[in-house]
Number of protein chains: 2
Amino acid sequence: MDTRSLHFFLQLSDNLHFGRTSELCHISPSALSRSIKQLEESLGVQLLERDNRSVRLTHQGQLLQNYARDLLQQWDSFRESLLEGAHELQGEISIYCSVTASYSFLHDILSLFRREHPGIEIVLHTGDPAPGIARVLAGKEDITIAARPEKLPQSLAFRRITVSPLVFISSLSDISQQPCSATSKEWAEIPMIMSEEGPIRDHLNQWFSDIDTTPNIYAQVAGHEAIVSMVSLGFGIGVVPKIVLDNSPLKDKVSIMSNTPKLPSYDVGFCTLNKRLKSPIIKAFWSQL
Amino acid sequence: MDTRSLHFFLQLSDNLHFGRTSELCHISPSALSRSIKQLEESLGVQLLERDNRSVRLTHQGQLLQNYARDLLQQWDSFRESLLEGAHELQGEISIYCSVTASYSFLHDILSLFRREHPGIEIVLHTGDPAPGIARVLAGKEDITIAARPEKLPQSLAFRRITVSPLVFISSLSDISQQPCSATSKEWAEIPMIMSEEGPIRDHLNQWFSDIDTTPNIYAQVAGHEAIVSMVSLGFGIGVVPKIVLDNSPLKDKVSIMSNTPKLPSYDVGFCTLNKRLKSPIIKAFWSQL
DNA sequence: TGCAAATATATCATTTTACGCAACATGGGG
DNA sequence: CCCCATGTTGCGTAAAATGATATATTTGCA
């Protein structure tokens, strides 16, 4: 079945005359005759009774006439609706980031993006940013906000948002602690609240390894916000990007410790697969940054 | 648009893999690729985002996926319904005859035909049988019950039902009249109820012409039943097939006159166009007679 | 960084299909 | 009985689809 044959049939069923119909359809009478014949064969029923003098619809022909009229009209309007929707970008974009990131960076960007592309639905997942890049690599998310890893896989595009220093935090009651002057032995005693994974955890592991010490890990948690929360309750000290602290409702319950070990800064930005940038939707988002 | 392309697209949109899809569809990968590309061009929108490693549906592709699934399914079920209906004859057959004929001959024939072919709708028009043959010739009716004309047009098929003599009738109060013995002058006085047209009228015209007399036409009516009615009211004498009288509720109100002029008998039967007999519906009816 | 594998697409020769022209068949009307 | 109208079929050509191969590009891995 193709729409052309149906158009021919419809035209023919209206004026019941092969000659006139073939002119109206801009084909030869023979082509029309064959097209109708083929339609009849493909359906397995006779659509028209014809002799050399007259053409008339069979019952099945009348059924097809009604059906084809509807079908063609609906197909046309569907096609139009597709074209209308094509003028603006439509689809879905999924973003994975921490709660902090969604508060601090994302709000303005998303509201602007939403205004520019109202047809794109934004699916926002928040959680521990540590597995964000893995999720992007696995194709589970289009975009994540994450710290730039030491060696960025070639398949990833990274656009920095800001650089935030890592700070050691402790609860206000522990403010007297002076880790800087602490010995390795003392470090081994200090209870730590650590991420389960991610670059900060890697840095800390490295640093402890450098001073040949095994950290006393009080708790492993997922998400920077959880670290702040645990620290504020006095369970230990933790390391988070300063920007997390700035956006935390608990920032008055913890304090930044001074004279702490130097850790690399947290290079935070958007991250997506290079190949996904070919998608107009992702490209639109990326180019707006 | 043709269903083949839509099938390809549907299969592809399900497994999002050109290679596997081409195998499932029993075509080469290149043919599949071209078919999809062509579909996209005909719609004017991109349906799939593809790179060398992955294929994914665009928003428009998802819309088409849903639409095409419905369309193909509906088309299939429509096709099936056509085929189901094709096993029995379906359509319409129009019959034109007098009220008398519908009472006397038609009832049994139609009830049998209806039982044999419940899919055929019977459209019955009753009226003066005189124009019946003209209506058939003009294509307004499929079949008529009419008197066989003197010379049957070659395009007509005729199947006799019965032969009924023409009888002169008068009202009971006029029973004393003796037209047989009447002179031409007296015939010119007798009020006649005549059909407007038709073979009986032709016969009477001929007979009056033969005796060189102009009839005194009291009323021209359409339909044999109307003649009986007028005659029963005493407006004049009329000529009708005896079978009309036999079926008339007024048969006790009129009497058959004796010793009337000899007129040819009324040769009544079914009549249709020869070429219409090629139509399975008409043929089914005809062969049942 | 380079190589191998995977995959969609471009190219081209071949096959299939569609098309138009002309001839044919058939039935109606003068 | 001839002529016209009309749908259908044969046939040669043109167009389109197809499949095999080559190509480009990217990914994954060493």
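Residue numbers start from 1 in every chain, and the chains themselves are labelled A, B, ... in the order their sequence lines are given, proteins ahead of strands. Keep in mind that the numbers below use all heavy atoms, side chains included, and drop hydrogens, waters and symmetry copies. Treat the numbers as computed from the prediction; the structure is a model and nothing was measured.
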Atom CD of B/Gln154 and atom P of D/dC1 are separated, to the nearest Å, by 12 Å

What are the residues of residues 10-35 of chain A, sorted by number, that bring a heavy atom to within less than 4.0 Å of DNA chain D? A/His17, A/Phe18, A/Gly19, A/Ser30, A/Ser33, A/Arg34

Residue pairs involving residues 58-98 of chain B (criterion ring pair (Phe, Tyr, Trp, His ring centres under 6.0 Å); sequence neighbours excluded): A/Tyr67-B/Trp75, A/Tyr67-B/Phe78, A/Trp75-B/Tyr67, A/Phe78-B/Tyr67, B/Trp75-B/Phe78

Candidate pair B/Gln46 and B/Thr58, rule side-chain hydrogen bond (donor to acceptor under 3.5 Å, both in side chains), full reasoning: CA-CA 7 Å; B/Gln46 192 175 0; B/Thr58 64; over 6 Å; no

Within the side chain of B/Glu196, is there an N or O that forms a donor-acceptor pair under 3.5 Å with the backbone of B/Ala222? no

Would you kindly say whether B/Gln11 and B/Thr21 are connected by a side-chain donor-acceptor distance under 3.5 Å? no

Look at A/Gln38 and C/dT17 and indicate whether a side-chain polar atom (N or O) is within less than 4.0 Å of OP1 or OP2. no

Tell me: CZ of B/Arg4 to P of D/dA17, nearest whole Å? 9 Å

Whole-Å distance, B/Arg50 CZ to D/dT25 P, equals 17 Å

Can you check each nucleotide of nucleotides 25-30 of chain C against protein heavy atoms at under 4.0 Å and return B for base, S for sugar-phosphate only, - for none, in 5' to 3' order? BBBS--

Roughly how many Å is it from CD in A/Glu49 to C1' in D/dG7, rounded to a whole number? 15 Å

A/Arg276 CZ to D/dT27 C1', in whole Å, measures 16 Å

Tell me: CG of A/Leu156 to P of D/dG28, nearest whole Å? 11 Å

B/His117 (side chain) donor-acceptor with B/Gly119 (main chain) under 3.5 angstrom: no

Counting only side-chain nitrogens and oxygens, does A/Lys37 get under 4.0 Å of the OP1 or OP2 atom of D/dT9? yes

Atom CG of A/Leu277 to atom P of D/dT26: distance rounded to whole Å? 13 Å

Does a sphere of radius 6.0 Å around CZ in A/Arg69 hold more than 12 heavy atoms from other residues, nucleotides or ligands, not counting ones at 6.0 Å or beyond? yes

How about A/Arg160: does its CZ atom have over 12 heavy atoms from other parts shown lying under 6.0 Å from it? no

Can any side-chain N or O of A/Gln288 pair as donor or acceptor with the backbone N or O of A/Ile109 at less than 3.5 Å? yes

Figure out the CG/P separation between A/Leu48 and D/dT6, and round it to whole Å. 16 Å

Closest non-hydrogen atom pair between A/Lys140 and A/Ser94, with its separation: O-OG, 3.9 Å

